[in-house]
Amino acid sequence: MSSYRNLEEYNLEITDEVRSRYSSIIEEIGENVEREGLIKTPERAAKAMLFLTQGYKQDAVEILKGAMFKESYDDMVIIKDIELYSLCEHHMLPFFGKAHIAYIPNGHIVGLSKIPRVVDVFARRLQVQERLTHDILECINTTLKPKGVAVVIEASHMCMMMRGVQKQNSVTTTSGFRGQFEKIETRNEFLKLISAKLS
Ligand SMILES: [Zn+2]
(Lines give C-alpha, C1' and ligand atoms only; values in the text may rest on other atoms or scores of the structure.)
Protein backbone atom coordinates (compact mmCIF):
# COMPACT_ATOMS: atom_id res chain seq x y z
CA MET A 1 0.00 0.00 0.00
CA SER A 2 1.28 3.48 -0.76
CA SER A 3 2.15 5.66 2.19
CA TYR A 4 -0.38 8.31 1.22
CA ARG A 5 -3.92 7.91 -0.01
CA ASN A 6 -6.26 10.74 -0.68
CA LEU A 7 -9.56 9.26 0.39
CA GLU A 8 -12.78 10.64 -1.00
CA GLU A 9 -15.85 9.46 0.81
CA TYR A 10 -19.39 10.17 -0.23
CA ASN A 11 -22.60 9.44 1.62
CA LEU A 12 -24.03 6.73 -0.65
CA GLU A 13 -27.68 7.53 0.03
CA ILE A 14 -27.30 11.23 -0.74
CA THR A 15 -25.08 10.58 -3.76
CA ASP A 16 -27.67 8.21 -5.21
CA GLU A 17 -30.51 10.66 -4.64
CA VAL A 18 -28.60 13.52 -6.31
CA ARG A 19 -27.51 11.17 -9.13
CA SER A 20 -31.10 10.23 -10.00
CA ARG A 21 -32.11 13.90 -10.08
CA TYR A 22 -29.22 14.77 -12.41
CA SER A 23 -30.37 11.90 -14.60
CA SER A 24 -33.84 13.49 -14.87
CA ILE A 25 -32.34 16.92 -15.60
CA ILE A 26 -30.22 15.48 -18.42
CA GLU A 27 -33.33 13.85 -19.94
CA GLU A 28 -35.38 17.03 -19.55
CA ILE A 29 -32.88 19.09 -21.53
CA GLY A 30 -33.27 16.66 -24.44
CA GLU A 31 -30.33 14.33 -23.99
CA ASN A 32 -30.17 10.58 -23.97
CA VAL A 33 -28.85 9.43 -20.57
CA GLU A 34 -28.22 5.98 -22.04
CA ARG A 35 -25.65 7.05 -24.59
CA GLU A 36 -22.13 5.98 -23.88
CA GLY A 37 -20.60 9.31 -22.96
CA LEU A 38 -23.38 10.11 -20.51
CA ILE A 39 -23.85 6.80 -18.71
CA LYS A 40 -21.75 7.75 -15.71
CA THR A 41 -22.38 11.49 -15.94
CA PRO A 42 -25.20 11.71 -13.36
CA GLU A 43 -23.00 9.97 -10.80
CA ARG A 44 -19.97 12.13 -11.61
CA ALA A 45 -22.08 15.29 -11.51
CA ALA A 46 -23.57 14.26 -8.16
CA LYS A 47 -20.13 13.67 -6.68
CA ALA A 48 -18.84 16.95 -8.09
CA MET A 49 -21.80 18.83 -6.57
CA LEU A 50 -21.30 17.17 -3.18
CA PHE A 51 -17.60 17.99 -3.30
CA LEU A 52 -18.28 21.63 -4.19
CA THR A 53 -20.77 22.01 -1.33
CA GLN A 54 -18.87 20.06 1.35
CA GLY A 55 -18.44 23.28 3.36
CA TYR A 56 -21.87 22.79 4.95
CA LYS A 57 -20.46 19.87 6.93
CA GLN A 58 -17.23 21.60 7.97
CA ASP A 59 -16.55 23.84 10.91
CA ALA A 60 -14.25 26.78 10.20
CA VAL A 61 -14.08 27.76 13.88
CA GLU A 62 -12.71 24.32 14.78
CA ILE A 63 -10.12 24.55 12.00
CA LEU A 64 -8.81 27.85 13.38
CA LYS A 65 -8.94 26.75 17.03
CA GLY A 66 -6.93 23.64 16.15
CA ALA A 67 -3.90 25.72 15.16
CA MET A 68 -3.78 28.84 17.34
CA PHE A 69 -0.46 29.55 19.00
CA LYS A 70 0.57 32.08 21.65
CA GLU A 71 2.94 34.55 20.03
CA SER A 72 3.93 38.14 20.71
CA TYR A 73 4.31 39.09 17.02
CA ASP A 74 1.95 41.97 16.49
CA ASP A 75 2.57 43.24 13.00
CA MET A 76 0.31 42.67 10.04
CA VAL A 77 0.16 39.09 8.69
CA ILE A 78 -0.99 38.96 5.07
CA ILE A 79 -1.92 35.91 3.02
CA LYS A 80 -2.61 37.07 -0.49
CA ASP A 81 -3.72 35.46 -3.75
CA ILE A 82 -5.63 32.62 -2.09
CA GLU A 83 -7.39 30.75 -4.90
CA LEU A 84 -11.11 30.64 -4.44
CA TYR A 85 -13.85 28.65 -6.17
CA SER A 86 -17.47 28.95 -5.16
CA LEU A 87 -21.00 28.58 -6.55
CA CYS A 88 -23.37 31.51 -6.84
CA GLU A 89 -26.58 30.79 -5.02
CA HIS A 90 -28.76 32.39 -7.70
CA HIS A 91 -27.69 30.25 -10.66
CA MET A 92 -25.51 27.56 -9.09
CA LEU A 93 -22.79 28.54 -11.53
CA PRO A 94 -19.17 28.98 -10.46
CA PHE A 95 -17.57 32.20 -9.40
CA PHE A 96 -13.84 32.17 -8.87
CA GLY A 97 -10.95 34.45 -8.12
CA LYS A 98 -8.67 35.37 -5.28
CA ALA A 99 -8.96 36.25 -1.64
CA HIS A 100 -6.48 38.46 0.20
CA ILE A 101 -6.61 38.27 3.97
CA ALA A 102 -4.72 40.06 6.71
CA TYR A 103 -4.85 40.15 10.46
CA ILE A 104 -2.95 41.85 13.25
CA PRO A 105 -2.29 39.31 16.05
CA ASN A 106 -3.41 40.01 19.58
CA GLY A 107 -1.41 37.44 21.52
CA HIS A 108 -2.16 34.55 19.13
CA ILE A 109 -1.20 33.66 15.60
CA VAL A 110 -2.79 30.91 13.53
CA GLY A 111 -1.14 28.26 11.34
CA LEU A 112 -0.88 29.88 7.91
CA SER A 113 -2.50 27.00 6.03
CA LYS A 114 -5.64 27.37 8.12
CA ILE A 115 -6.64 30.68 6.54
CA PRO A 116 -7.04 29.20 3.02
CA ARG A 117 -8.93 26.30 4.60
CA VAL A 118 -11.36 28.73 6.20
CA VAL A 119 -11.85 30.30 2.76
CA ASP A 120 -12.68 26.85 1.34
CA VAL A 121 -15.16 26.00 4.09
CA PHE A 122 -17.24 29.07 3.28
CA ALA A 123 -16.62 28.98 -0.50
CA ARG A 124 -17.80 25.39 -0.81
CA ARG A 125 -21.41 26.31 -0.27
CA LEU A 126 -24.02 28.18 -2.30
CA GLN A 127 -22.86 31.74 -1.81
CA VAL A 128 -22.95 35.35 -2.84
CA GLN A 129 -19.57 37.06 -2.88
CA GLU A 130 -20.68 39.65 -0.33
CA ARG A 131 -21.69 37.04 2.27
CA LEU A 132 -18.61 34.93 1.58
CA THR A 133 -16.44 37.94 2.39
CA HIS A 134 -18.40 38.60 5.57
CA ASP A 135 -18.40 34.94 6.70
CA ILE A 136 -14.59 34.73 6.45
CA LEU A 137 -14.12 38.09 8.16
CA GLU A 138 -16.42 37.31 11.09
CA CYS A 139 -15.04 33.81 11.58
CA ILE A 140 -11.46 35.08 11.93
CA ASN A 141 -12.52 38.06 14.00
CA THR A 142 -14.56 36.14 16.57
CA THR A 143 -12.28 33.09 16.82
CA LEU A 144 -8.76 34.51 16.70
CA LYS A 145 -9.82 37.85 18.25
CA PRO A 146 -7.04 39.77 16.50
CA LYS A 147 -6.44 43.52 16.77
CA GLY A 148 -7.78 43.76 13.26
CA VAL A 149 -8.77 41.68 10.25
CA ALA A 150 -9.21 42.51 6.58
CA VAL A 151 -10.65 40.48 3.72
CA VAL A 152 -10.66 41.44 0.03
CA ILE A 153 -12.13 39.13 -2.62
CA GLU A 154 -11.84 39.66 -6.36
CA ALA A 155 -13.92 37.26 -8.43
CA SER A 156 -15.37 36.60 -11.87
CA HIS A 157 -18.88 35.21 -12.05
CA MET A 158 -19.77 32.66 -14.72
CA CYS A 159 -23.43 33.68 -14.44
CA MET A 160 -22.41 37.10 -15.76
CA MET A 161 -19.91 35.80 -18.30
CA MET A 162 -21.86 32.92 -19.91
CA ARG A 163 -25.39 34.28 -19.65
CA GLY A 164 -27.25 37.44 -18.62
CA VAL A 165 -25.18 40.50 -19.42
CA GLN A 166 -22.35 38.38 -20.94
CA LYS A 167 -19.60 40.57 -19.60
CA GLN A 168 -16.41 38.58 -19.98
CA ASN A 169 -13.90 40.77 -18.25
CA SER A 170 -15.65 42.27 -15.29
CA VAL A 171 -14.28 41.47 -11.86
CA THR A 172 -16.30 42.02 -8.72
CA THR A 173 -14.40 43.22 -5.66
CA THR A 174 -15.78 42.97 -2.14
CA SER A 175 -14.05 43.87 1.10
CA GLY A 176 -14.55 43.92 4.83
CA PHE A 177 -12.50 45.44 7.64
CA ARG A 178 -12.60 45.10 11.41
CA GLY A 179 -10.62 46.61 14.27
CA GLN A 180 -7.41 48.42 13.34
CA PHE A 181 -8.19 48.04 9.63
CA GLU A 182 -11.08 50.43 10.12
CA LYS A 183 -8.37 53.10 10.43
CA ILE A 184 -7.59 54.54 7.03
CA GLU A 185 -3.75 54.33 7.38
CA THR A 186 -3.78 50.62 8.31
CA ARG A 187 -6.27 49.84 5.60
CA ASN A 188 -4.20 51.71 3.00
CA GLU A 189 -1.04 49.90 4.04
CA PHE A 190 -2.82 46.57 3.56
CA LEU A 191 -4.25 47.58 0.18
CA LYS A 192 -0.82 48.79 -0.94
CA LEU A 193 0.80 45.52 0.13
CA ILE A 194 -1.73 43.29 -1.64
CA SER A 195 -1.45 45.24 -4.89
CA ALA A 196 2.39 45.29 -4.81
CA LYS A 197 4.31 42.73 -6.82
CA LEU A 198 7.50 41.51 -5.15
CA SER A 199 9.15 40.03 -8.24
ZN1 LIG B 1 -25.34 34.05 -10.34
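As a basis for the values below, the full set of heavy atoms in this structure was taken, side chains included, without hydrogen atoms, waters or symmetry mates.
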Heavy-atom pair of closest approach, residues Arg44 and Gly37: NH1-O, 4.4 Å
Heavy-atom check, side chain of Val33 versus side chain of Glu27, under 4.5 Å: yes
Main-chain N/O of Ile104 paired to Tyr73 side chain as donor or acceptor, under 3.5 Å: no
Atom NZ of Lys98: over 12 foreign heavy atoms under 6.0 Å: no
Main-chain N/O of Thr172 paired with Glu154 side-chain donor or acceptor, under 3.5 Å: no
Short side-chain to backbone donor-acceptor contact, Arg124 and Asp120, under 3.5 Å: no
Whether Glu138 side chain and Asp135 backbone form a donor-acceptor pair below 3.5 Å: no
Where Ile153 and Ala99 come nearest, the two heavy atoms and their spacing: CG1-CB, 4.0 Å
Polar side-chain atom of Arg117 near backbone of Ser113 as donor-acceptor pair, under 3.5 Å: no
Exercise: identify the closest heavy-atom pair between Glu34 and Asn32: N-OD1, 2.8 Å
Atom of Leu137, atom of Val149 and distance for their closest heavy-atom approach: CD1-O, 3.7 Å
Pairing residues for Ser156 by the side chain to side chain contact (heavy atoms under 4.5 Å, CB included) criterion, not counting sequence neighbours: Phe96, Met161, Val171
Close side-chain approach of Val110 and Ile140, heavy atoms under 4.5 Å: no
From CA spacing to verdict: side chain to side chain donor-acceptor pair (under 3.5 Å), Gln129, Thr174: CA-CA 7 Å; Gln129 189 178 326; Thr174 47; 3.0 Å; yes
Backbone of Asp16 reached by a side-chain donor or acceptor of Tyr10 within 3.5 Å: no
Test item: Lys183 and Thr186 side chains (from C-beta on) under 4.5 Å apart, heavy atoms: yes
Minimum heavy-atom distance between Lys80 and Ile194, given as atom pair plus value: NZ-O, 3.3 Å
Cation-pi check, Arg187 onto Phe177 ring (under 6.0 Å, within 45° of axis): yes
Aromatic plane relationship, His157 with Phe95 - under 30° parallel, 30 to 60° tilted, over 60° perpendicular: parallel
Atom CD of Glu62 with >12 non-hydrogen neighbours under 6.0 angstrom: yes
Residue pair Asp74 / Asn106, side-chain heavy-atom distance below 4.5 Å: no
Gln54 (side chain) donor-acceptor with Phe51 (main chain) under 3.5 angstrom: yes
4.5 Å side-chain heavy-atom contact, Arg163 and His91: yes
Atom CD1 of Ile39: over 12 foreign heavy atoms under 6.0 Å: yes
For Lys47, side chain to side chain donor-acceptor pair (under 3.5 Å) partners two or more places apart: Glu43
Side-chain (Arg19) to main-chain (Ala46) donor-acceptor, under 3.5 angstrom: no
Nearest-0.5 Å distance, NE2 of residue His100 to CZ of residue Phe190: 7.5 Å
Donor-acceptor under 3.5 Å (Gln127 side chain, Phe122 main chain): yes
Closest heavy-atom pair and its distance - Thr133, Gly176: CG2-N, 3.9 Å
Review item, side-chain donor-acceptor pairs of residues 82-89, under 3.5 Å, at least two apart:
{"from": "Glu83", "atom 1": "OE1", "to": "Tyr85", "atom 2": "OH", "distance (Å)": "3.0"}
{"from": "Ser86", "atom 1": "OG", "to": "Ala123", "atom 2": "O", "distance (Å)": "2.7"}
{"from": "Glu89", "atom 1": "OE1", "to": "Arg131", "atom 2": "NH1", "distance (Å)": "3.3"}
{"from": "Glu89", "atom 1": "OE1", "to": "Arg131", "atom 2": "NH2", "distance (Å)": "2.8"}

Contacts of Asn141 that satisfy side chain to side chain donor-acceptor pair (under 3.5 Å) - sequence neighbours left out: none
Side chain to side chain contact (heavy atoms under 4.5 Å, CB included) against Ile25, all qualifying residues, sequence neighbours excluded: Tyr22
Shared hydrophobic cluster for Val77 and Val118 (ILVMFWY, side-chain gaps under 4.5 Å): yes
Main-chain N/O of Glu17 paired with Ser20 side-chain donor or acceptor, under 3.5 Å: yes
Results of side chain to side chain donor-acceptor pair (under 3.5 Å) for Gln180 - residues two or more places apart only: none
